[in-house]
Amino acid sequence: MIQYKYHRAVSLDDAVKVLKEYGGKARIVAGGTDILVQIHEKDKRWKDLRCLLDITYLDRELRYICEDEAHVYIGPLSTHTDLEQSEIIAKHIPFLGWASATVGSPQIRNRGTLGGSIGNAFPASDPLPALIAADALIKVYGQDGERVCLLKDFYEGKGSLKLEPGEFIREFVVKKLPEGTGMGFSKLGRRKALAISRLNCAAALTMDSEGTVTEARIAPGCIFVQPDRVEKAELVLIGQKPSEELFAKAGKTVSEVMIERIGIRWSTQYKEPAVQEIVLRALCQAAGMEV
C-alpha cells in the first residue's frame with residue numbers, strides 16, 4: 001500500500017516550501033487524472049512518495065487564459081475543456097484547442113489540466129505538439145522566483161523535466177503567429193474515442209498574398225525522445241504552393257528524420273507510413289485542403 005501525507009497549498013510560495021521539504025518524494029496533484037489512478041494501482045514509480053501536494057485551490061493564480069497585443073498566456077491549471085472552449089485559443093492557437101478536444105472523455109477533459117499533461121512528460125500528450133509548433137515558452141516558479149525557457153528545451157527525455165528542487169510549472173506563453181496563419185492537428189489512436197495517441201502532429205502554415213508558403217511549422221508527437229519541430233521538413237515547404245504532393249514529401253521527410261534520430265525499431269515498419277499520413281493530414285488542414 002502506498003502511504004503518503006496530503007498537503008493543500010495555500011499560495012505559490014507554500015507549494016515551493018513543501019516541494020523543497022520533501023525533495024523528490026513530493027508530487028503535485030491538480031486534475032489527478034493520472035497520478036491518482038497510478039497510486040490506486042500501486043504503481044512502483046510512487047513507492048517512495050511521501051507527500052501529495054494539492055494545488056487545485058490556487059485557481060486565481062494558476063487557472064486563466066488571457067492575452068495582450070503579442071502573446072497568449074495560459075495558466076497550468078487550465079483544463080482541456082477550458083482550452084477547447086476558449087475564444088482566445090480559438091482565435092490565436094486553434095490547433096491547441098483541437099488537440100485538447102481529443103483528450104480522453106468529457107470527464108477527463110473537465111478535470112485534466114494542461115500543466116499536468118506537460119508535467120507528466122508523457123510523449124503521447126495531445127496538446128504538446130501544438131505548443132511545440134507554436135514555439136511556446138514555459139515559466140517555472142521556485143524559491144528564486146521565475147525562470148523562462150522554450151518548452152522544447154524543458155524536456156530531458158521520456159518522463160523527465162528540467163525542474164530544480166522546489167520548482168513547478170507556473171505559466172505557458174505563446175507568441176501570436178502572423179495573421180492568416182493556418183493550423184492543423186492530426187491524431188492516430190487505436191480507436192476513434194477515448195484513445196491515447198499512438199502518433200499525432202501539429203502544423204502551421206503562413207502564406208503570402210499569392211498563396212506561397214513563407215513560414216512552416218511541423219511538430220510531430222510520440223516519435224522523438226524530446227519533443228521538437230522538424231526543420232528539415234519545414235524547409236521542403238518554404239517558397240512552394242500547397243499541394244497534396246508537396247505535403248506528402250514533407251511527411252516523408254519527417255519519417256526520415258524520425259529514423260535518423262531514433263534508428264530502426266520493431267515498430268518502424270508501422271510508424272513510417274503512419275507518420276507520413278498524419279503529417280499530410282495536419283498540413284492539408286492547415287492549408288484548408290481536403291485530404
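Heavy-atom basis, side chains included; hydrogens, waters and symmetry copies ignored.
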Side-chain hydrophobic cluster, 4.5 Å single linkage: members besides Ile55 = Leu12, Val16, Val18, Leu19, Tyr22, Ile28, Leu53, Leu58, Leu62, Leu77, Tyr141, Phe168
ask   = Any ring pair (Phe, Tyr, Trp, His ring centres under 6.0 Å) pairs touching residues 261-291, not counting sequence neighbours?
value = none
message = Taking salt bridge (charged side-chain N to carboxylate O under 4.0 Å, His left out) as the definition, give me every residue that meets it alongside Arg111, ordered by chain and number, with sequence neighbours left out.
response = none
query = Does one side chain, of Gln107 or Ser105, offer a donor that lies under 3.5 Å from an acceptor on the other?
reply = yes
request  = Look at the side-chain heavy atoms of Ile, Leu, Val, Met, Phe, Trp and Tyr, link any pair under 4.5 Å apart, and say whether Leu161 and Ile138 land in one connected group.
outcome  = yes
request  = Check each of Lys176, Lys152, Arg217 against Asp135 using the salt bridge (charged side-chain N to carboxylate O under 4.0 Å, His left out) test, and report the only one that passes.
outcome  = Arg217
inquiry  = Run the side chain to side chain contact (heavy atoms under 4.5 Å, CB included) test against Thr268 and tell me which residues pass, sequence neighbours left out.
reply    = Ile259, Ile264, Arg265, Glu272
note = Across all chains, not counting sequence neighbours, the salt bridge (charged side-chain N to carboxylate O under 4.0 Å, His left out) partners of Glu84 are Arg109
request  = Search all heavy atoms of Ala121 against all heavy atoms of Tyr155 and return the closest pair with its distance.
outcome  = CA-CE2, 3.6 Å
key: Residues which pass side chain to side chain contact (heavy atoms under 4.5 Å, CB included) with Lys232, listed by chain and number, not counting sequence neighbours   = Thr253, Val257, Glu260
key: Donor-acceptor side-chain pairing of Tyr73 and Asp68 below 3.5 angstrom   = yes
ask   = CZ of Arg63: more than 12 outside heavy atoms within 6.0 angstrom?
value = yes
query = Looking at CG of Leu131 and CG of Leu96, how far apart are the two atoms once the value is rounded to the nearest 0.5 Å?
reply = 5.0 Å
key: Exercise: do His7 and Asp14 side chains pair donor with acceptor under 3.5 Å   = yes
